[in-house]
Number of protein chains: 2
Amino acid sequence: MPSAEQPNLESLKSAGLKSTSPRLKILALFESGPERHMSAEEVYRLLLASGEDVGLATVYRVLTQFQQAGLLERHNFEGGKSVFELNQGKHHDHIVCLQCGHVEEFYDAIIETRQQNIAAELGFGIRDHSLCLYADCTKIQCPHAGNTQRSTATPSA
Amino acid sequence: MPSAEQPNLESLKSAGLKSTSPRLKILALFESGPERHMSAEEVYRLLLASGEDVGLATVYRVLTQFQQAGLLERHNFEGGKSVFELNQGKHHDHIVCLQCGHVEEFYDAIIETRQQNIAAELGFGIRDHSLCLYADCTKIQCPHAGNTQRSTATPSA
DNA sequence: ACGCAAATGATAATCATTCTCATTTGCATT
DNA sequence: AATGCAAATGAGAATGATTATCATTTGCGT
Ligand SMILES: [Zn+2]
Ligand SMILES: [Zn+2]
Ligand SMILES: [Zn+2]
Ligand SMILES: [Zn+2]
């Protein structure tokens with residue numbers, strides 16, 4: 001077989017991180033797990049649930065390392081705990097359901113542009129920003145709305 | 001003198017909170033203190049510094065009560081600690097200097113409108129939102145930029 | 001002035017996260 | 001494949017922010 005193998009091993013290698021079992025498991029979880037946005041605790045629980053044995057401290061360490069390496073993004077929605085997601089290179093903002101915590105993503109060019117302009121007007125150079133809309137999705141698929149379906153909402157423009 | 005007195009006593013009363021010394025002091029600090037945006041710890045330290053004797057637990061309690069009563073707003077900028085500010089009824093978003101932590105406020109009608117539209121498109125009913133721009137103010141007045149002046153920037157558009 | 005529920009303050013407890021350190025493991029080299 | 005060692009891990013202690021407990025104090029209506 002040719003050398004077009006494990007992209008994860010590559011990711012880790014090029015990030016200067018040696019490829020260990022906990023790291024590969026965590027990366028795999030973000031790539032093909034049930035949730036795109038997960039807290040350290042969630043990652044830990046999911047790994048335990050799937051029989052993997054990793055320490056909570058390691059999960060925290062690895063998440064931080066991955067974030068610093070650019071593999072993951074860290075968000076601080078309300079509630080004091082950080083959530084992470086795979087960095088796909090495509091910036092987006094979030095809307096979080098206040099009932100069930102479900103996270104939806106969106107991108108709006110107008111808002112992004114305005115942010116730049118506003119910062120410029122105030123004499124700041126933007127380095128980062130976080131926009132999070134808090135809402136309740138009673139109108140769509142939400143466990144707390146009596147519907148457990150996965151949300152598939154897409155902006156119809 | 002007529003009965004158009006202490007608006008603070010009124011605020012507390014109408015919030016169902018009895019007017020106590022810690023509450024009045026904290027409210028006064030937000031109204032005429034040196035900072036509009038303060039964490040519990042900052043409030044606590046400022047009160048101690050001015051000779052007042054309040055417990056830290058009370059500060060936390062009162063801040064939460066004030067927030068629930070609508071007197072204060074709570075924000076969760078990055079860094080894991082909540083900051084509070086007097087609720088003036090005028091919604092605004094924030095830009096925080098990553099160097100010195102200085103907070104500047106702004107309001108942009110275009111962004112606000114877009115948020116509404118986006119949520120509507122996704123089938124959510126917005127209940128709240130938080131937008132925070134992280135930047136460094138090396139271009140303006142920042143202690144870390146060698147200038148301690150208070151910023152007075154105002155968006156011109 | 002009384003009485004009592006509400007409020008306070010000191011401290012313990014909790015929660016998320018980081019640190020410590022002894023043990024294990026990846027990986028380059030023999 | 002065996003060796004060596006720095007890097008990584010895991011268990012648990014430590015930290016920082018915040019909340020809960022509870023005995024004591026205080027605001028306020030009577
Ligand atoms: Zn954005
Ligand atoms: Zn996302
Ligand atoms: Zn806004
Ligand atoms: Zn503000």
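Naming: A, B, ... by sequence-line order, numbering from 1 per chain.
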Does a side-chain N or O of A:Y60 approach OP1 or OP2 of C:dT17 to a distance below 4.0 Å, or not?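 For C:dT17, OP1/OP2 do have a side-chain N/O of A:Y60 under 4.0 Å.
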With sequence neighbours left out, write down each residue that passes side chain to side chain contact (heavy atoms under 4.5 Å, CB included) with A:K13, or none if nothing qualifies.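 Checked A:K13 against side chain to side chain contact (heavy atoms under 4.5 Å, CB included); zero matches.
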Verify the distance criterion only: is there a donor paired with an acceptor across the side chains of A:E73 and A:H92 at less than 3.5 Å?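 Not at all, the side chains of A:E73 and A:H92 share no donor-acceptor pair under 3.5 Å.
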NA contact type, A:S82, heavy-atom cut-off 4.0 Å: base, sugar-phosphate, or nothing?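 Sugar-phosphate, backbone atoms only, no base.
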Sugar-phosphate, base or nothing in reach of B:S19, heavy atoms under 4.0 Å: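 Sugar-phosphate contact only.
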Expressed as a whole number of angstroms, how long is the span from [X]:[atom1] to [N]:[atom2]?
| X | N | atom1 | atom2 | result |
| --- | --- | --- | --- | --- |
| A:E52 | D:dG10 | CD | P | 11 Å |
| A:K81 | D:dA17 | NZ | P | 18 Å |
| A:K13 | C:dC27 | NZ | C1' | 9 Å |
| B:F84 | D:dA17 | CZ | P | 14 Å |
| A:M38 | C:dA16 | CE | P | 17 Å |
| A:L63 | D:dT9 | CG | P | 11 Å |
| B:K25 | D:dG27 | NZ | C1' | 14 Å |

Return the nearest nucleotide to the side chain of A:T64; candidates are C:dT17, C:dT18, D:dT18.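 So the side chain of A:T64 is nearest to C:dT18.
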Apply ring pair (Phe, Tyr, Trp, His ring centres under 6.0 Å) to A:H37 and A:H102, showing your working. CA-CA 9 Å; A:H37 305 83; A:H102 177 73; 8.6 Å; no
What is the per-nucleotide protein-contact pattern of nucleotides 5-11 of chain C, from the 5' end, where B denotes a base atom under 4.0 Å from a protein heavy atom, S denotes such proximity for sugar-phosphate atoms only, and - denotes neither? -SSBBBB
Please lay out, stage by stage, how B:L131 and B:L133 fare under the test side-chain contact (heavy atoms from CB on, under 4.5 Å). CA-CA 7 Å; B:L131 168 58; B:L133 310 183; 3.9 Å; yes
Ring center gap for A:F77 and A:H94 short of 6.0 angstrom: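 Distance test on ring centres: under 6.0 Å, yes.
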Hydrophobic cluster membership, with links at side-chain heavy-atom distances under 4.5 Å among I/L/V/M/F/W/Y: are B:Y60 and B:L46 in one?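 Per the 4.5 Å side-chain linkage, B:Y60 and B:L46 are co-clustered.
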Going only through I, L, V, M, F, W and Y residues with side-chain contacts under 4.5 Å, is there a path from A:F30 to A:V83?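 In one cluster with A:F30: A:V83, no.
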